[in-house]
Amino acid sequence: TAMYHAKAHGKNAWRAYTPDLDAAAGIETLLRGAVGRGEFELHYQPQFDLLGRQVLALEALLRWTHPELGSVAPGRFIPVAEDTGLIAEIGAWVLDEACRQNAAWQRLGLAPVRVAVNVSPAQLAREEFVPQVEATLRRHGLAATWLELEVTERLAMREVERTVTVLRALRRLGVRVALDDFGQGHSSLSHLAHLPLDVLKVDRALISGLGRAGQADRVAQAVVALGRGLGLEVVAEGVETPAQLEAAAALGCGRAQGFLLGRPLPAAEVEPHLTSVPELT
Ligand code: C2E
Ligand code: MG
Ligand code: MG
Ligand code: MG
């Protein structure tokens with residue numbers, strides 16, 4: 001969160017005092033050109049429906065392996081990419097690669113699934129974002145319905161009017177919009193009702209309280225009910241135990257994602273888990 005404080009209080013306000021200064025500067029240098037050097041890869045984590053246990057969607061999660069640093073967690077480099085503007089190039093690569101891969105799977109005759117792509121506030125704020133999404137879908141011949149974009153609350157609440165306009169334009173294309181990590185940090189319930197969304201992803205922090213007695217459990221219940229009340233499809237994130245899965249199903253979550261059901265995997269390892277469309281004979 002240090003980077004977000006830095007943004008709120010002027011670009012370098014926080015950095016000057018953080019012991020991570022050198023690490024962040026180092027990452028920035030190494031991150032430059034990483035797209036061109038082919039250092040990124042997408043892993044895909046399945047989202048299952050809670051009844052049929054069928055893969056409905058795959059969330060694309062960015063992986064960076066630097067030749068010397070080894071693998072660097074997104075939590076470390078995404079904030080640096082956002083602060084330096086590198087996220088535009090990296091985000092464009094992610095979007096392109098996820099759409100390319102999903103279209104390729106469909107061409108192989110696998111049952112179509114949605115691919116969910118995380119979008120940073122800085123990407124969504126760019127004028128060219130909506131045309132970029134449209135062009136990417138067209139380039140790969142992927143129907144918009146098979147793309148879901150995950151935006152965060154952080155973004156959504158910052159500039160509500162502008163965000164609403166962009167999300168509307170995306171939905172007009174036929175792309176689905178999910179609000180990620182809901183219930184984490186400062187949730188704004190009043191804004192939620194105004195955002196044009198299809199999906200609400202309930203944060204792992206809330207899901208972890210499910211299936212245990214106590215307040216955490218009640219908050220999760222209330223958030224799922226809120227999402228359903230707004231007509232949204234609700235996804236339980238970070239499901240790690242059978243008890244959490246059962247509780248999420250009982251509350252009416254439509255999809256579940258988490259280590260219990262499947263970890264993020266490289267495309268080649270995900271493929272065998274996707275079902276083939278039965279051949280007509
Ligand atoms: P997120 O979008 O909320 O993604 C879910 C994160 O939770 C992933 O971490 C995933 O590996 C992890 N996760 C999934 N199930 C479980 C579980 O059962 N237990 C636990 N403990 N963790 C689980 P990851 O891959 O490290 O990504 C972290 C965050 O980095 C993402 O959170 C997202 O905000 C950001 N990120 C990842 N890829 C991209 C990207 O391509 N673009 C942007 N802008 N952000 C990305
Ligand atoms: Mg996400
Ligand atoms: Mg999330
Ligand atoms: Mg998260």
Side-chain angles (χ1 to χ4, degrees), residues 1 3-4 27 31 34-35 39-48 57-65 71-101 114-126 129 132-133 136 147-156 176-185 187 197-211 223 227 234-245 248 253 255-267 270:
T1 57
M3 292 301 173
Y4 297 120
I27 286 176
L31 209 46
V35 168
E39 292 171 2
F40 289 114
E41 185 188 13
L42 293 182
H43 283 193
Y44 298 88
Q45 187 180 28
Q47 294 177 3
F48 287 85
L58 296 168
E59 179 173 2
L61 293 160
L62 187 56
R63 297 293 178 255
W64 178 32
T65 308
S71 83
V72 185
R76 282 189 72 202
F77 70 83
I78 296 277
V80 176
E82 287 174 342
D83 269 13
T84 54
L86 289 169
I87 194 69
E89 186 195 12
I90 296 171
W93 181 84
V94 171
L95 184 67
D96 185 80
E97 175 60 12
C99 291
R100 185 202 63 74
Q101 181 63 72
R114 293 206 159 88
V115 68
V117 173
N118 292 285
V119 174
S120 287
Q123 285 176 271
L124 213 87
R126 292 162 66 95
F129 184 67
Q132 182 197 345
V133 169
T136 304
L147 176 64
E148 191 162 285
L149 296 177
E150 298 192 3
V151 303
T152 65
E153 259 188 288
R154 222 168 54 233
L155 141 89
R176 289 160 54 95
V177 177
L179 189 61
D180 204 356
D181 303 334
F182 188 78
Q184 181 207 66
S187 311
L197 300 170
D198 301 284
V199 178
L200 190 67
K201 297 192 76 179
V202 180
D203 193 67
R204 173 161 54 93
L206 288 184
I207 297 302
S208 67
L210 273 182
V223 167
V234 180
V235 181
E237 285 199 276
V239 173
E240 292 179 343
T241 68
Q244 290 165 0
L245 184 65
C253 289
R255 285 189 246 164
Q257 175 179 0
F259 291 169
L260 176 72
L261 299 161
R263 290 185 176 259
L265 293 173
V270 168

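Note that ligands are numbered from 1 as they come in the structure, with each ligand's atoms numbered from 1 the same way.
In this structure the side chain of L86 never reaches within 4.5 angstrom of the side chain of V35, judged on heavy atoms. Looking only at side-chain heavy atoms (C-beta outward), Q45 and L61 come within less than 4.5 Å of each other. Using a 4.5 Å heavy-atom cutoff, the side chains of F40 and V94 are not in contact. In this structure, E237 and D180 have side chains that are in contact, with non-hydrogen atoms separated by less than 4.5 Å.
Just one of L179, N118, V177 meets the side chain to side chain contact (heavy atoms under 4.5 Å, CB included) condition when paired with E150; it is N118.
Among all heavy-atom pairs drawn from P46 and L58, the shortest one is CA-CD2, 3.7 Å.
At least one heavy atom of R204 sits less than 4.0 Å from an atom of ligand 1.
If you number the atoms of ligand 1 from 1 as listed, the ones under 4.0 Å from a heavy atom of S120 come out as 44 (N). Of all atoms in ligand 1, numbered sequentially from 1 with element shown, those under 4.0 Å from a heavy atom of P264 are 11 (O). Using a 4.0 Å cut-off to heavy atoms of D181, the atoms of ligand 1 that qualify are 3 (O). Heavy-atom proximity to E237, at under 4.0 Å, picks out these atoms of ligand 1: 3 (O). Residue E59 has at least one heavy-atom neighbour below 4.0 Å for each of these atoms of ligand 1: 1 (P), 2 (O), 4 (O). Listed by number with element, the atoms of ligand 1 under 4.0 Å from a non-hydrogen atom of Q45 are 14 (C), 15 (N). Taking a cut-off of under 4.0 Å to the non-hydrogen atoms of V94, the atoms of ligand 1 that pass are 41 (O). Those atoms of ligand 1 with a heavy atom of E240 less than 4.0 angstrom away are 17 (C), 18 (O), 19 (N), 20 (C), 21 (N).
Of all N/O/S atoms in E150, OE1 sits nearest the Mg ion (ligand 2). Nearest to the Mg ion (ligand 2), among the N, O or S atoms that E59 has, is OE2. For D180, the N, O or S atom closest to the Mg ion (ligand 2) goes by the atom name OD2.
Ring orientation note: the planes of F77 and W64 are nearly perpendicular, at an angle over 60° on the 30°/60° scale.
Some N or O of L62 is nearer than 3.5 Å to an N or O of ligand 1, by distance alone. Looking at ligand 1, you won't find any N or O of E82 less than 3.5 Å from one of its N or O atoms. Residue contacts with ligand 1: F259 is placed with a nitrogen or oxygen under 3.5 Å of a nitrogen or oxygen of the ligand (distance criterion only).
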>> Assess the residue pair L62 and L42 against the criterion (side-chain contact (heavy atoms from CB on, under 4.5 Å)); give the C-alpha distance rounded to whole Å, side-chain angles, the decisive distance to 0.1 Å, and a yes or no.
In response: CA-CA 5 Å; L62 187 56; L42 293 182; 3.9 Å; yes
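Atoms OD1 of D181 and OE2 of E237, as seen from the Mg ion (ligand 3), are separated by an angle of 130°, to the nearest 10°.
At a heavy-atom cutoff of 4.0 Å, ligand 1 is contacted by both the backbone and the side chain of N118.
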